Amino acid sequence: MVANSHNQQFQLAARPQGEIKPTDFKLVDVPMPVPGAGEVLVEVQYLTAEPAMKGWMEARVDYVAPIKIGDVMRGQGAGIVLQSDLPDYPKGTLVSGHFGWRRYLVSDDRSIPLRKIPVGVPSTTALNVLGITGLTAWFGMLDIGMPQPGNTVLVSGAAGATGSVAGQLARIAGARVIGIAGGQEKCNWLVSELGFEAAIDYKSEDTSARVAQLCPDGVDVYFDNVGGEILDVALNNLADRARIVLCGGISRYNESGPIAGPANYFNLVYRRARMEGFIVLDYASRFSEAISGLTKHLDSGELHHRETVLQGFEQLPQALMDLFRGSNMGKQLVAVNP
Ligand SMILES: NC(=O)c1ccc[n+]([C@@H]2O[C@H](COP(=O)([O-])OP(=O)(O)OC[C@H]3O[C@@H](n4cnc5c(N)ncnc54)[C@H](OP(=O)(O)O)[C@@H]3O)[C@@H](O)[C@H]2O)c1
């Protein structure tokens with residue numbers, strides 16, 4: 001038994017109506033899980049908050065099963081093995097996986113598959129660049145966006161977890177990268193630390209005029225995290241044979257009913273352009289390829305990253321709500337036991 005242990009989990013209490021509210025979650029005390037033969041006990045140290053969770057809570061999306069009312073909130077986590085009857089995961093091993101919003105869990109490596117965090121890699125990096133958002137950036141930008149040297153690449157949600165990595169991968173591929181993000185602090189970070197050529201603060205600047213000014217020959221790749229009006233701006237400024245990567249559309253996630261499409265999609269025809277959506281889970285068989293590529297860029301110092309870490313397990317609902325206000329720079333995480 002773990003001394004002074006106190007196990008808790010967040011369960012889904014209600015499907016969000018409009019914006020996510022604290023009452024959509026229920027914090028529940030549950031017994032400490034006891035590992036049996038062939039199992040490990042994991043103490044969760046970090047958990048993620050991600051915009052896609054809203055779709056799982058609402059039962060709006062169909063690429064994964066919705067979270068049922070009363071189920072543990074789904075989410076990625078990183079933790080440490082406290083007790084082990086699995087030779088591959090001895091006590092003290094750092095692991096990550098689909099842990100859900102809970103403090104402790106038991107796994108036999110099949111019920112909740114475990115991934116070892118490589119020695120020397122901080123758990124926060126494992127959930128950020130080497131986690132699901134880093135993988136999303138990798139496959140979305142490189143497989144679908146296919147940036148070429150000299151291309152102009154535009155990224156929205158550019159200071160978030162996915163956008164910040166996607167933009168840097170395009171820069172590493174030799175493209176000139178323009179970011180769109182909310183606020184001057186984020187824009188400064190994109191240019192001064194991440195090597196974007198320029199950044200547009202969509203909250204205080206005329207995004208349409210700035211994109212036209214910064215991309216006079218058009219946008220070759222647009223990596224879309226936000227949808228809505230910014231997608232319309234990108235569509236109006238395409239280069240011939242442009243690629244639009246539909247990764248997400250957070251500006252519309254709080255709307256009920258069907259999401260309205262772009263007004264000016266016909267520019268895809270005039271520009272002989274392509275717009276393609278993707279779900280990162282479809283690339284599972286190639287995750288190891290992306291992790292080794294991302295690790296190489298981390299090791300060479302070309303790929304920078306940042307985490308916004310809220311302190312304390314009870315902050316998880318706030319961490320998720322904050323994404324919709326843009327409070328995070330880089331990956332939004334919660335340190336479970338600060
Ligand atoms: N296709 C896939 O398989 C896949 C996988 C993972 C994630 N995604 C999608 O990728 C996107 C980014 O996810 P993430 O986890 O990396 O989150 P994130 O970008 O770290 O955080 C969300 C960001 O969205 C921006 N935002 C919030 N409301 C907005 C609005 N109304 N208009 C414009 N921007 C807004 C905020 O930044 P600002 O301050 O700049 O507004 C906020 O920081 C999401 O759309 C997500 O659903 C897709």
Side-chain angles (χ1 to χ4, degrees), residues 18-20 47-58 60-64 74-76 124 127-129 131-141 143-145 154-169 179-190 194 196 199-205 207 222-234 244-255 259 275-284 286-287 290 305-310 319-334:
E19 292 181 13
I20 296 174
L47 285 160
T48 64
E50 301 182 12
M53 290 171 172
K54 182 153 195 277
W56 311 337
M57 292 167 72
E58 288 172 324
R60 186 202 274 251
V61 296
D62 64 3
Y63 64 91
V64 288
R74 198 177 290 153
Q76 301 276 320
T124 48
L127 293 175
N128 181 5
V129 178
I132 209 73
T133 43
L135 297 168
T136 301
W138 179 274
F139 292 109
M141 182 55 82
D143 264 50
I144 301 175
L154 182 68
V155 180
S156 61
T162 307
S164 59
V165 175
Q168 291 183 86
L169 290 174
I180 303 176
Q184 207 48 56
E185 191 190 357
K186 291 187 179 189
C187 290
N188 291 345
W189 180 56
L190 294 176
L194 304 194
F196 284 50
I200 301 166
D201 172 8
Y202 76 93
K203 290 186 174 167
S204 72
E205 297 185 80
T207 308
Y222 172 52
F223 192 100
D224 188 24
N225 284 310
V226 307
E229 289 160 26
I230 294 177
L231 173 57
D232 271 337
V233 169
I244 295 184
V245 184
L246 292 181
C247 178
I250 192 168
S251 75
R252 295 293 182 258
Y253 289 176
N254 282 333
E255 287 180 5
I259 293 171
M275 181 149 104
E276 183 175 343
F278 75 106
I279 296 290
V280 67
L281 303 177
D282 295 345
Y283 291 86
R286 292 177 53 200
F287 280 179
H305 59 93
R306 187 160 174 161
E307 294 81 30
T308 298
V309 186
L310 270 56
L320 183 52
M321 292 185 290
D322 279 357
L323 292 171
F324 292 83
R325 299 190 191 107
S327 313
N328 63 307
M329 275 172 79
K331 182 80 183 177
Q332 182 78 315
L333 297 175
V334 167

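One-based numbering, in listed order, for ligands and for the atoms of each. Bear in mind the structure is a predicted one, so any value in this text is a computation, not a measurement.
Using modelled atom types, no side-chain atom of Gln332 and backbone atom of Ala49 make a donor-acceptor pair closer than 3.5 Å.
Ion pairing of Arg60 with Glu255 is absent here, as no side-chain N (NZ or NE/NH1/NH2) approaches a carboxylate O to less than 4.0 Å. Of the charged side-chain nitrogens involved, none lies within less than 4.0 Å of a carboxylate oxygen, so that Asp201 and Lys186 do not count as a salt-bridged pair.
Side-chain atoms of Tyr222 and Ser156 include a donor-acceptor pair closer than 3.5 Å.
Glu19 CD: 12 or fewer foreign heavy atoms inside a 6.0 Å radius.
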Could you list each nitrogen or oxygen of ligand 1 that sits under 3.5 Å from a protein nitrogen or oxygen, with the atom names and the distance?
{"from": "ligand 1", "atom 1": "1 (N)", "to": "Cys247", "atom 2": "O", "distance (Å)": "3.0"}
{"from": "ligand 1", "atom 1": "1 (N)", "to": "Phe278", "atom 2": "O", "distance (Å)": "2.9"}
{"from": "ligand 1", "atom 1": "3 (O)", "to": "Val280", "atom 2": "N", "distance (Å)": "2.8"}
{"from": "ligand 1", "atom 1": "10 (O)", "to": "Asn225", "atom 2": "OD1", "distance (Å)": "3.3"}
{"from": "ligand 1", "atom 1": "16 (O)", "to": "Thr162", "atom 2": "N", "distance (Å)": "2.9"}
{"from": "ligand 1", "atom 1": "16 (O)", "to": "Thr162", "atom 2": "OG1", "distance (Å)": "2.7"}
{"from": "ligand 1", "atom 1": "20 (O)", "to": "Ala161", "atom 2": "N", "distance (Å)": "2.8"}
{"from": "ligand 1", "atom 1": "20 (O)", "to": "Asn328", "atom 2": "ND2", "distance (Å)": "3.0"}
{"from": "ligand 1", "atom 1": "21 (O)", "to": "Asn328", "atom 2": "ND2", "distance (Å)": "3.4"}
{"from": "ligand 1", "atom 1": "34 (N)", "to": "Tyr202", "atom 2": "OH", "distance (Å)": "3.3"}
{"from": "ligand 1", "atom 1": "37 (O)", "to": "Lys186", "atom 2": "NZ", "distance (Å)": "3.4"}
{"from": "ligand 1", "atom 1": "39 (O)", "to": "Lys186", "atom 2": "NZ", "distance (Å)": "2.6"}
{"from": "ligand 1", "atom 1": "40 (O)", "to": "Gly182", "atom 2": "N", "distance (Å)": "2.8"}
{"from": "ligand 1", "atom 1": "41 (O)", "to": "Tyr202", "atom 2": "OH", "distance (Å)": "2.5"}
{"from": "ligand 1", "atom 1": "43 (O)", "to": "Asn328", "atom 2": "OD1", "distance (Å)": "2.5"}
{"from": "ligand 1", "atom 1": "45 (O)", "to": "Asn225", "atom 2": "O", "distance (Å)": "3.0"}
{"from": "ligand 1", "atom 1": "45 (O)", "to": "Tyr253", "atom 2": "OH", "distance (Å)": "3.1"}
{"from": "ligand 1", "atom 1": "47 (O)", "to": "Tyr253", "atom 2": "OH", "distance (Å)": "2.8"}

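Taking CZ of Phe139 as the reference point, atom CD1 of Ile144 lies at 10.5 Å (rounded to 0.5 Å).
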